[in-house]
Amino acid sequence: MSVRVRFAPSPTGALHIGGVRTALYNYLFARQQGGTFILRIEDTDQNRYVPGAEEYIVESLRWVGLLPDEGVGFGGAFGPYRQSDRKAIYREYAERLVASGHAYYAFDTPEALEIRRNDEPNFTCNHATRGGLVNSLTLPAAEVQSRLSAGESWVIRLKVEPGQEIHVHDLIRGSVVFQSNELDDKVLLKADGMPTYHLANIVDDHLMQITHVIRGEEWLPSTAHHVLLYRGFCWEDTMPRFAHLPLILKPVGNGKLSKRDGAKFGMPVFPLSWKGETPEDSFPGFREAGFLPEAVVNFLALLGWHPGGDQELFSLEDLTAAFSVEHISKGGARFDFEKAKWFNQKYIQSADNAVLATHIRPLAEAKGYRVSDDYLAVVAGLMKERVTFLPDFVEVGYYLFEPIREYDLEMLQKKWNPGMEQVFESLAAVVAPLEPYESGVLETAVKAFIQENGLKPGDVLSLLRLALAGTMKGPAVFDMAAALGPEETVKRLHQLVVQGSKVHQGVENA
RNA sequence: GGCCCGUUCGUCUAGGGGUUAGGACGCAUCCCUUUCACGGAUGAAACACGGGUUCGAUUCCCGUACGGGCUACCA
């Protein structure tokens, strides 16, 4: 039987980066096994539904390159793939469970249960308490019928039989055993007619012929209920295999990574930025922070999984080939933003200049820079070993697009002297007519000029750098001069003279 | 509280009954470079603790501690 896996997020807001990792592992497993990767939207909670979240999920998957083979917006023979569109199906299956004696109608209101919970610390609906509650197990059949037809509010609960041992075989953790006495009678169908996660999940996984359930560790405790459901439906022979992923933890402190940690630690925890109703509900994304999707994928893949060996850099194809569920770690993984940065730097460094240019283009345009693709590629080449994020190209390297905003005054003061005025005017004259105006040609000419005039290379070159970039950091001087062109180079040389004289006077006066 | 899961350098991890416990991020030092980076080299840095089992445990078993998850008509 061919492998079918699903990524089943619920559209309650922006998709957490941990969700992206879950999608990634599902995707890798499907690809590697020649299987099918399905996107199912679990929107069974009407109250938590957030408009736009579904689109966000799809756009996120698209950005990181994890396109589903089937699912909402992607077609497939097992639809619909949005659970709210499958409402009638769940009711039918829930009633089937009631008919077979594996579930029952319960009439206790949430308020009534809440009161019980407050009175009895460990109160829960289970085999021990259901006899004292209002349901189709305790009420005469006729009354159940009359309550039902009277339109009274009810839910369907799973009837967990006590005294059983439920063995779950997890692909990552091995055998996990639960005692049915400890399990509560989970609500399967809610009062609004919608299923809970538990019912919808099992029905859909069965109907969609899911073979492997790869999901977060937070689902491990309820897997016992899921097994009971498969049994109740007599689907145990085709029950999917389970793999529960370790959680992604906060960078520091205790607990799992949460939405708020982004703001708290000054880093994104979502793939794309999200604009919520309020500023507090809005979050920055990896994409907007200037990450390449390949870097995010690589980083995420290694957060909780490693194939062994010393390789750190993996393309999606590499990951597909190397992936194995057995190599997924059991312990939670701390979200290490420093490592994410390193991956991004690596991917930017090795990216093609023309490709980088397409990424820089919108950033440059946002700043009002009007430049050619060729020029952007040149900038990419000059800066890519000096940046961490995409916006750094236009921010750190702004001087490749606009005049110097500020000079490193300390350095200028140190290197400048009145004689330099003449030197740089002459240098401008030497450089202006150079042809072709290329790095090597410039270097030869400038160095000859330095030698002929008996100047100190360190002084002239430093000042030249200051003239072109304003700072002592940056690409090789002659590369910058070549990129800027003769006109701009000369202009900046003159500008330096102005600045240098100013600084010198300041020193004299002081 | 109850149930379940986990624990190798600060972090992500490899490994596995006998190893100098390996790699990567970060950090430090040095080299390269008339800048900054990149790159290269080197270094500091770990098997949570206590019992077993064993000739021998970091590795297997049991406890303890610590961490995490679940405990909703949320997913």
Side-chain angles (χ1 to χ4, degrees), chain A residues 8-12 19 42-48 83 106 108-110 113-114 117 121-122 124-125 153-157 168 170 172-174 176-179 181-184 186-198 200-201 215-224 244 246-247 249 251-252 254-256 299 302-313 327 329-343 345-346 349 382-388 396 408 411 447 450 456-462 464-466 469 471-477 480:
Chain A
S10 118
T12 55
E42 309 221 329
D43 56 344
T44 56
D45 187 344
Q46 321 254 269
N47 304 317
R48 293 214 303 157
Q83 291 184 328
D108 315 277
T109 63
L113 294 173
E114 190 53 36
R117 269 191 281 267
N122 290 322
T124 176
C125 292
S153 177
W154 51 271
V155 300
I156 289 179
R157 282 182 184 273
V168 174
D170 186 274
I172 297 170
R173 289 151 214 285
V176 182
V177 185
F178 298 89
Q179 302 298 325
N181 295 33
E182 314 273 0
L183 271 30
D184 63 334
K186 285 250 180 291
V187 169
L188 264 20
L189 200 71
K190 301 184 266 189
D192 64 1
M194 286 296 252
T196 57
Y197 171 91
H198 309 291
N201 208 256
R215 84 234 289 194
E217 192 184 5
E218 68 268 30
W219 296 108
L220 187 52
S222 55
T223 306
H244 289 95
L247 266 17
L249 276 16
V252 298
N254 297 336
K256 64 174 176 179
F299 166 63
L302 262 26
L303 215 51
W305 169 82
H306 199 282
D310 291 345
Q311 190 177 347
E312 296 284 335
L313 267 14
H327 278 109
S329 335
K330 298 184 179 76
R334 234 175 243 284
F335 187 82
D336 182 8
F337 192 59
E338 288 306 313
K339 190 119 183 191
K341 280 159 69 175
W342 177 77
F343 276 113
Q345 197 180 310
K346 280 293 191 188
Q349 236 177 79
L382 292 184
M383 294 300 294
K384 69 182 185 182
E385 280 174 353
R386 292 162 243 270
V387 301
T388 304
V396 176
D408 180 341
M411 197 61 189
K447 286 190 170 166
I450 289 169
K456 283 201 270 187
D459 291 350
V460 178
L461 262 19
S462 296
L464 182 52
R465 166 170 301 285
L466 247 25
T471 164
M472 290 309 288
K473 301 178 181 181
V477 262
M480 281 196 287

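Proteins get letters first, then strands, A, B, ... in listed order; numbering begins at 1 in each. All values derive from a computational prediction rather than experimental measurement. For the numbers below, each heavy atom of this structure counts, side chains included, while hydrogens, waters and symmetry mates do not.
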Peer 1: Go ahead and name the base partner of B:C70; Watson-Crick or wobble counts if both distances stay under 3.5 Å, otherwise write none.
Peer 2: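 Paired with B:C70, as far as the under-3.5 Å criterion goes, is B:G2.
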Peer 1: Taking N and O atoms by type only, does the side chain of A:Arg334 place a donor or acceptor under 3.5 Å from a partner on the base of B:U11?
Peer 2: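 A donor-acceptor contact between them is absent.
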Peer 1: Think A:Lys330 has a side-chain N or O under 4.0 angstrom from the OP1 or OP2 of B:U8?
Peer 2: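 No, no such contact exists.
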Peer 1: Can you tell me the distance, in whole Å, between the NZ atom of A:Lys339 and the P atom of B:C25?
Peer 2: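 These atoms are roughly 7 Å apart.
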Peer 1: With 3.5 Å as the limit, what N/O pairs link the protein to nucleotides 72-75 of chain B?
Peer 2:
from, atom 1, to, atom 2, distance (Å)
B:C73, OP2, A:Arg157, NH2, 3.3
B:C73, O2, A:Ala191, N, 2.7
B:C73, N4, A:Asp108, O, 3.1
B:C73, N4, A:Pro110, N, 3.4
B:C74, OP2, A:Lys190, NZ, 3.0
B:C74, O2', A:Asp45, OD2, 2.9
B:C74, O2', A:Arg48, NE, 3.1
B:C74, O2', A:Arg48, NH2, 3.2
B:C74, O2, A:Arg48, NH2, 3.2
B:A75, OP1, A:Thr44, OG1, 2.7
B:A75, OP1, A:Lys190, NZ, 2.8
B:A75, OP2, A:Tyr197, N, 3.2
B:A75, O3', A:Glu42, OE1, 3.4
B:A75, O2', A:Ser10, OG, 3.4

Peer 1: Tell me, please, which residues at least two apart from A:Lys190 pass side-chain hydrogen bond (donor to acceptor under 3.5 Å, both in side chains).
Peer 2: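 None.
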Peer 1: Without decimals, in angstroms, what is the distance between A:Arg465 CZ and B:C36 C1'?
Peer 2: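 Going from CZ in A:Arg465 over to C1' in B:C36 covers 7 Å.
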Peer 1: Say we look at B:C70 and B:A24: how far apart would their P atoms be, to the nearest angstrom?
Peer 2: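 Per the computed distance, 36 Å lies between those P atoms.
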Peer 1: Roughly how far apart, to the nearest Å, are B:C36 and B:G50 at atom P?
Peer 2: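 Pairwise P distance, B:C36 against B:G50, rounds to 49 Å.
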Peer 1: How far does the P atom of B:A41 sit from the matching atom of B:G23, given to the nearest Å?
Peer 2: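 Straight-line distance between the two P atoms is 11 Å.
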Peer 1: Looking only at the aromatic ring of each residue, does the gap between the centers of A:Phe337 and A:Phe299 stay below 6.0 angstrom?
Peer 2: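 No, too far apart.
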Peer 1: Tell me which of A:Gly458 and A:Ser329 sits closer to the 5' end of RNA chain B, going by the nucleotide each one is nearest to.
Peer 2: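 Between the two, 5'-proximity favours A:Ser329.
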Peer 1: Is B:U42 paired to anything, Watson-Crick or G-U wobble with both distances less than 3.5 Å, and if yes, which nucleotide?
Peer 2: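 Because both required distances fall under 3.5 Å, B:U42 counts as paired with B:A28.
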Peer 1: Can you tell me the Watson-Crick or wobble partner of B:U53, both distances under 3.5 angstrom?
Peer 2: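 B:U53 is paired with nothing.
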Peer 1: Rounded to whole angstrom units, what separation is found between the CZ atom of A:Phe335 and the P atom of B:C25?
Peer 2: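 That distance rounds to 18 Å.
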Peer 1: Is it the case that the base of B:C5 and the side chain of A:Arg173 share a donor-acceptor contact (distance under 3.5 Å, atom types as modelled)?
Peer 2: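 Between B:C5 and A:Arg173, which were checked side chain against base, a qualifying N/O pair under 3.5 Å is absent.
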Peer 1: How far does the C1' atom of B:A14 sit from the matching atom of B:U58, given to the nearest Å?
Peer 2: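 Each nucleotide's C1' atom is 14 Å from the other's.
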Peer 1: With a 4.5 Å cut-off on side-chain heavy atoms, are A:Met194 and A:Gln83 touching?
Peer 2: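 Sidechains of A:Met194 and A:Gln83: no contact.
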Peer 1: Under a 3.5 Å cut-off for both distances, is B:U64 Watson-Crick or wobble paired, and to whom?
Peer 2: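 The answer is B:A48, by the H-bond criterion.
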Peer 1: For A:Ser329 and A:Trp305, which heavy atoms make the closest approach, and how far apart are they?
Peer 2: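 For A:Ser329 versus A:Trp305, the nearest heavy atoms are OG-N, 3.9 Å.
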Peer 1: I'd like to know if A:Asp336 pairs up with A:Lys339 as an ion pair, taking the criterion as any Lys NZ or Arg NE/NH1/NH2 lying under 4.0 Å from an Asp or Glu carboxylate oxygen.
Peer 2: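 Here A:Asp336 does not pair with A:Lys339 in a salt bridge, since their nearest N and O are not under 4.0 Å apart.
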Peer 1: Side chain of A:Phe178: nearest nucleotide among B:C12, B:A37, B:C4?
Peer 2: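 It is B:C4.
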Peer 1: Can you see if the side chain of A:Gln311 gets near the phosphate of B:A14 - specifically, an N or O under 4.0 Å from OP1 or OP2?
Peer 2: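 So the side-chain polar atoms of A:Gln311 never come under 4.0 Å of the phosphate oxygens OP1 or OP2 of B:A14.
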Peer 1: Using the P atom on both, measure B:C27 against B:C38 and round to a whole Å.
Peer 2: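 It comes out at 10 Å once rounded to the nearest Å.
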Peer 1: Counting the atoms with a prime plus P, OP1 and OP2 as sugar-phosphate, which does A:Gln349 contact under 4.0 Å by heavy atoms, base, sugar-phosphate, or nothing?
Peer 2: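 Sugar-phosphate: the residue A:Gln349, judged by heavy atoms under 4.0 Å, touches backbone atoms but no base.
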Peer 1: Where the side chain of A:Leu303 is defined as all heavy atoms beyond and including C-beta, which of B:C12, B:G23, B:C70 is the nearest nucleotide?
Peer 2: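 Per side-chain heavy atoms of A:Leu303, the pick is B:C12.
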Peer 1: Give one of base, sugar-phosphate or nothing for A:Lys447, where a contact means two heavy atoms less than 4.0 Å apart.
Peer 2: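 It contacts nothing in the nucleic acid.
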Peer 1: Please give the distance between the P atoms of B:C32 and B:G40 as a whole number of Å.
Peer 2: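 The same atom, P, in both gives a distance of 16 Å.
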Peer 1: If I take atom CZ in residue A:Phe343 and atom P in nucleotide B:U13, what distance separates them, rounded to the nearest angstrom?
Peer 2: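 Answer to the nearest Å: 11 Å.
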Peer 1: Whole angstroms only, please: what is the CG-C1' distance between A:Leu466 and B:C36?
Peer 2: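 Those two atoms, CG and C1', are 13 Å apart.
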Peer 1: Can you measure from CG (A:Leu461) to NZ (A:Lys447) and round to the nearest 0.5 angstrom?
Peer 2: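 Nearest 0.5 Å value for the CG-NZ distance: 6.5 Å.
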Peer 1: Looking at B:C70, B:C25, B:U13, which one has an atom nearest to any side-chain atom of A:His306?
Peer 2: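 So the side chain of A:His306 is nearest to B:U13.
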Peer 1: Under 4.0 Å, counting only non-hydrogen atoms across every strand here, what does A:Lys456 touch: a base, just sugar-phosphate, or nothing?
Peer 2: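 Nothing, no heavy atom under 4.0 Å.
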Peer 1: Can you measure A:Leu302 atom CG to B:U11 atom P for me and round it to whole angstrom units?
Peer 2: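 So the two atoms are 17 Å apart, to the nearest Å.
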Peer 1: If B:C9 has a Watson-Crick or G-U wobble mate with both distances under 3.5 Å, name it; if not, just say none.
Peer 2: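 The base-pairing partner of B:C9, which may sit in any strand shown, does not exist here.
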Peer 1: Rounding to an integer number of Å, can you tell me how far A:Leu461 CG sits from B:U33 C1'?
Peer 2: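 Nearest whole value for this atom pair: 12 Å.
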Peer 1: Report which part of the nucleic acid A:Pro307 touches: base, sugar-phosphate, or nothing (heavy-atom distance under 4.0 Å, all strands).
Peer 2: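 No contact at all - A:Pro307 keeps every heavy atom at 4.0 Å or more from the nucleic acid.
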Peer 1: Between A:Ala476 and A:His327, just flag the one whose closest nucleotide in RNA chain B comes earlier from the 5' side.
Peer 2: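 Looking at RNA chain B, the more 5' nearest nucleotide goes with A:His327.
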Peer 1: Given atom CG of A:Asn122 and atom P of B:G1, what is their separation to the nearest angstrom?
Peer 2: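 That distance rounds to 11 Å.
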Peer 1: Output the distance between atom NZ (A:Lys256) and atom CZ (A:Phe335), rounded to the nearest 0.5 Å.
Peer 2: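 It comes to 15.0 Å.
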Peer 1: Any strand counts, and the cut-off is 3.5 Å on both contacts for Watson-Crick or G-U wobble. Which nucleotide pairs with B:U59?
Peer 2: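 B:U59 is unpaired by these criteria.
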Peer 1: A:Gly255 near the nucleic acid: base, sugar-phosphate alone, or nothing, with a heavy-atom cut-off under 4.0 Å?
Peer 2: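 Answer is sugar-phosphate: A:Gly255 comes under 4.0 Å of backbone atoms only.
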Peer 1: Does A:Trp342 have any side-chain contact (heavy atoms from CB on, under 4.5 Å) partners at least two apart in sequence or in another chain, and if so, which?
Peer 2: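 A:Glu312, A:Leu313, A:Lys346.
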Peer 1: Return the CD to CD distance between A:Gln349 and A:Glu385, rounded to the nearest 0.5 Å.
Peer 2: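 Going from CD on A:Gln349 over to CD on A:Glu385, the span is 5.0 Å.
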Peer 1: Would you please confirm or rule out a distance under 4.0 Å between OP1 or OP2 of B:G68 and any side-chain N or O of A:Asn254?
Peer 2: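 Yes, such a contact exists.
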Peer 1: Base, sugar-phosphate, or nothing for A:Val477, non-hydrogen atoms under 4.0 angstrom?
Peer 2: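 Nothing: the residue A:Val477, judged by heavy atoms under 4.0 Å, touches no strand.
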Peer 1: With respect to the side chain of A:Asp310, which nucleotide from B:C70, B:G26, B:G22 is positioned closest?
Peer 2: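 Selected nucleotide: B:G22.
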Peer 1: Looking only at non-hydrogen atoms, find the nearest pair between A:Ser10 and A:Arg48 and report the distance.
Peer 2: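 Heavy atoms only, the tightest pair is OG-NH2, 4.5 Å.
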Peer 1: A:Glu182 side chain: which of B:C70, B:G2, B:C25 is closest?
Peer 2: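 Nearest nucleotide to the side chain: B:G2.
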Peer 1: Which pair of heavy atoms, one from A:Lys330 and one from A:Ile172, lies closest together, and at what distance?
Peer 2: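 Nearest heavy atoms, A:Lys330 then A:Ile172: CE-O, 3.4 Å.
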Peer 1: Between B:A45 and B:C9, how far is it from one C1' atom to the other, in whole Å?
Peer 2: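 Those two atoms are separated by 5 Å.
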Peer 1: Which whole number of Å gives the distance between the P atom of B:G22 and that of B:G63?
Peer 2: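 After rounding to an integer number of Å, I get 32 Å for this pair.
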